[in-house]
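First the structure, in the form of structure tokens, and then the observations on it.
Each chain gets a letter, A, B and so on, in the order the sequences are listed, and its residues count up from 1.
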Amino acid sequence: APAPASMGPAAALLQVLGLPEAPRSVPTHRPVPPVMWRLFRRRDPQEARVGRPLRPCHVEELGVAGNIVRHIPDSGLSSRPAQPARTSGLCPEWTVVFDLSNVEPTERPTRARLELRLEAESEDTGGWELSVALWADAEHPGPELLRVPAPPGVLLRADLLGTAVAANASVPCTVRLALSLHPGATAACGRLAEASLLLVTLDPRLCPLPRLRR
Amino acid sequence: HTEPRVEVGPVGTCRTRRLHVSFREVGWHRWVIAPRGFLANFCQGTCALPETLRGPGGPPALNHAVLRALMHAAAPTPGAGSPCCVPERLSPISVLFFDNSDNVVLRHYEDMVVDECGCR
């Protein structure tokens, strides 16, 4: 789309590239998650030449259509205490928040993978059961999305497409989830060490139409 | 980092020239994680006959370009010169970067690298 005439050349160029503004200097130099490096290297022309040709607008490693992949950290993780207050006899509950405001309205989600890692507070912890619900408010949790066994130290992955993030529609500005841990036989609790969302979207404006050779 | 530009004399036949885009030089290195740059390349050269009519292996020239080159050779007209040397085949790149919300984003961009030039 042509950029407005009032824009400077750099801003106009960035808009053509699908970036409304130049990202400022990086707020925190957080490490690049391994999955993002893997996806990037898969797309690297040097490595792509070795294997099969890559399909445009397709994320092979995740097996879905898409041309934008975002690794979105839980925006509440840094402000949350490492040992949250717990109600008597129960493990703590967490609210995780994912800021999706940078996603353009034209983008359609094709994968929304929640990634969580819980760490044990003591060595004899065998694991827990984790339930994930949409966050409604502090007193009235929303509907439960999933309930899964959660061993300590293992990266848990759950697809939220069709539940917390609607398919074939614009993504919401934020996704808020309530996590609660149900202790196993040892009754020892754990702490939430990592929470992120891997969001794959397809922006049809960036997908080329098949070209016909003359 | 481009090839040295030919300022005097014939530019040569239309073909792909090397152009390396460095994200540091354009000031994007603070938020672009990878790659640090890429070979974007560009097209430069004349599209006069017989170069406009490519042999086997090269991209086929547009009929319009051939006739325009013929017309230009036969009766040069000011303002309507020979065909233009432009990208014929391009390939994509992927860019890994931080956005303003500290998200790590991988974006796939089509048509970023000129692989082949032709006369149009």
*Could you grab the distance from atom OG of B/S94 to atom CG of A/N67, nearest 0.5 Å is fine?*
9.5 Å

*asked:* Quick check on A/R147: does its CZ atom have over 12 non-hydrogen neighbours (other residues, nucleotides or ligands) under 6.0 Å away?
replied: yes

_Take a 6.0 Å sphere around NE2 of B/H64 and say whether it holds more than 12 heavy atoms from other residues, nucleotides or ligands._
no

*Nearest heavy atoms of B/P35 and A/F40, plus distance in Å*: N-CZ, 3.7 Å

*Which atom names give the shortest non-hydrogen contact between B/E110 and A/L206, and what distance separates them?*
CG-O, 3.6 Å

*Could you go step by step and tell me if A/V59 and B/H108 meet the side chain to side chain contact (heavy atoms under 4.5 Å, CB included) rule?*
CA-CA 10 Å; A/V59 184; B/H108 189 64; over 6 Å; no

*Quickly, which of A/L197, A/I72, A/L100, A/V103 forms a side-chain contact (heavy atoms from CB on, under 4.5 Å) with B/N103? Name it, please.*
A/I72

*asked:* Which residue in the set B/I33, B/V105, B/L106 passes side-chain contact (heavy atoms from CB on, under 4.5 Å) when paired with A/M36?
replied: B/L106

*Kindly indicate, with the supporting measurements, whether the criterion side chain to side chain contact (heavy atoms under 4.5 Å, CB included) is fulfilled by A/W37 and B/L96.*
CA-CA 8 Å; A/W37 276 123; B/L96 194 63; 3.9 Å; yes

*Below 4.5 Å from any heavy atom of chain B, which atoms of A/D99 appear? Answer side chain, backbone, both or neither.*
both

_Proximity breakdown for B/F38 and chain A, heavy-atom pairs closer than 4.5 Å_ = neither

